[in-house]
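The block underneath contains the structure these notes are about, expressed in structure tokens.
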Amino acid sequence: MSPKRTYFGFSTPQQRRFLFETWEASGSVTQSCQKARVSRGLFYYWKPRFEAEGYAGLEDFESRVAHKLNRKAEPIRQEVINLRRTHPDWGKARISQEMAKANNWVPVVSPNAVKHILEEAGLWPEKTTGEKKSS
């Protein structure tokens, strides 16, 4: 495996602290990165923050917090719920297709997103193991 293509996962605050402690002691970026097992790019990413805030700046920060990026807008959620209540025999694919049809065949919501919306609203049937669907 080529050393240029080595993958370094997310670093921890302890790793970043160790990285800058060894860098201050040795003065060598390469040696510090090797000892801390992080990339040089990560060193230069965190260096401005370290210079501005010191070791406290190496802690985790707000942008690492999980976000609900794929959350659908409330009008879309309400439309999915209304379609399910109006047509209880429609499944997730049919609801998704009907919404796309109403939007000039431009997909609005995926079938799995429909399922998640209906599960949150309590309108999706509970999972039953071992039972066959009735035709």
Side-chain angles (χ1 to χ4, degrees):
M1 185 172 189
S2 171
K4 290 187 181 247
R5 301 224 182 242
T6 302
Y7 172 73
F8 294 101
F10 292 121
S11 62
T12 63
Q14 295 86 4
Q15 247 182 329
R16 295 188 290 266
R17 182 178 193 83
F18 179 67
L19 171 68
F20 283 96
E21 286 172 351
T22 56
W23 174 65
E24 286 181 327
S26 69
S28 171
V29 175
T30 304
Q31 282 182 343
S32 302
C33 291
Q34 287 173 348
K35 285 182 182 176
R37 297 198 174 271
V38 297
S39 68
R40 289 174 56 93
L42 186 123
F43 173 84
Y44 289 109
Y45 174 82
W46 283 96
K47 186 179 176 190
R49 179 174 281 216
F50 174 72
E51 289 174 341
E53 301 175 34
Y55 288 105
L58 302 177
E59 298 298 319
D60 284 334
F61 50 98
E62 287 297 316
S63 69
R64 188 50 88 66
V65 177
H67 302 288
K68 292 283 187 179
L69 299 176
N70 59 352
R71 188 121 178 132
K72 297 298 176 191
E74 193 57 35
I76 293 173
R77 297 172 57 77
Q78 287 303 317
E79 181 66 22
V80 168
I81 292 169
N82 290 339
L83 282 172
R84 178 61 173 211
R85 287 189 174 137
T86 308
H87 307 282
D89 56 329
W90 285 3
K92 61 183 185 177
R94 176 73 185 267
I95 292 172
S96 174
Q97 291 165 0
E98 291 294 327
M99 290 183 70
K101 187 164 99 175
N103 193 34
N104 201 22
W105 292 105
V106 176
V108 178
V109 62
S110 72
N112 283 336
V114 169
K115 179 181 174 187
H116 290 296
I117 291 168
L118 294 175
E119 282 175 340
E120 287 177 359
L123 297 173
W124 190 255
E126 292 293 322
K127 291 181 180 177
T128 54
T129 58
E131 288 184 29
K132 292 185 177 181
K133 282 189 349 185
S134 59
S135 308

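Legend: side-chain hydrogen bond (donor to acceptor under 3.5 Å, both in side chains) pairs involving residues 91-104, not counting sequence neighbours, sorted by first then second residue: K92-N112, R94-E98. For residues 90-111, the set of pairs meeting the ring pair (Phe, Tyr, Trp, His ring centres under 6.0 Å) definition, not counting sequence neighbours, comprises H87-W90.
Not a single donor-acceptor pair under 3.5 Å links the side chain of E119 to the backbone N or O of W124. Between the side chain of R16 and the backbone N or O of S11 there is at least one donor-acceptor pair closer than 3.5 Å.
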Evaluate side-chain contact (heavy atoms from CB on, under 4.5 Å) for V38 paired with F43, printing each intermediate quantity in order. CA-CA 8 Å; V38 297; F43 173 84; 5.6 Å; no
Applying side-chain contact (heavy atoms from CB on, under 4.5 Å), run through R84 and V114 and close with a yes or a no.
CA-CA 10 Å; R84 178 61 173 211; V114 169; over 6 Å; no
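Inter-residue side-chain proximity for W46 and R49 is flagged as met; some heavy-atom pair is nearer than 4.5 Å. Side-chain contact between I95 and L118 is present, with at least one heavy-atom pair separated by less than 4.5 Å.
Every residue two or more places apart in sequence or in another chain that forms a salt bridge (Lys or Arg N to Asp or Glu O under 4.0 Å) with R77 is listed here: E74, E120.
The minimum heavy-atom distance linking K72 with V108 is given by the pair NZ-O, 4.2 Å.
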Side chains of residues 19-26: which donor-acceptor pairs under 3.5 Å do they make with residues two or more places apart or in other chains?
unit_1	atom_1	unit_2	atom_2	d
E21	OE2	R17	NE	3.3
T22	OG1	F18	O	3.0
T22	OG1	L19	O	2.9
T22	OG1	S32	OG	3.4
E24	OE1	Y55	OH	2.5
S26	OG	T22	O	2.8
S26	OG	S28	N	3.2

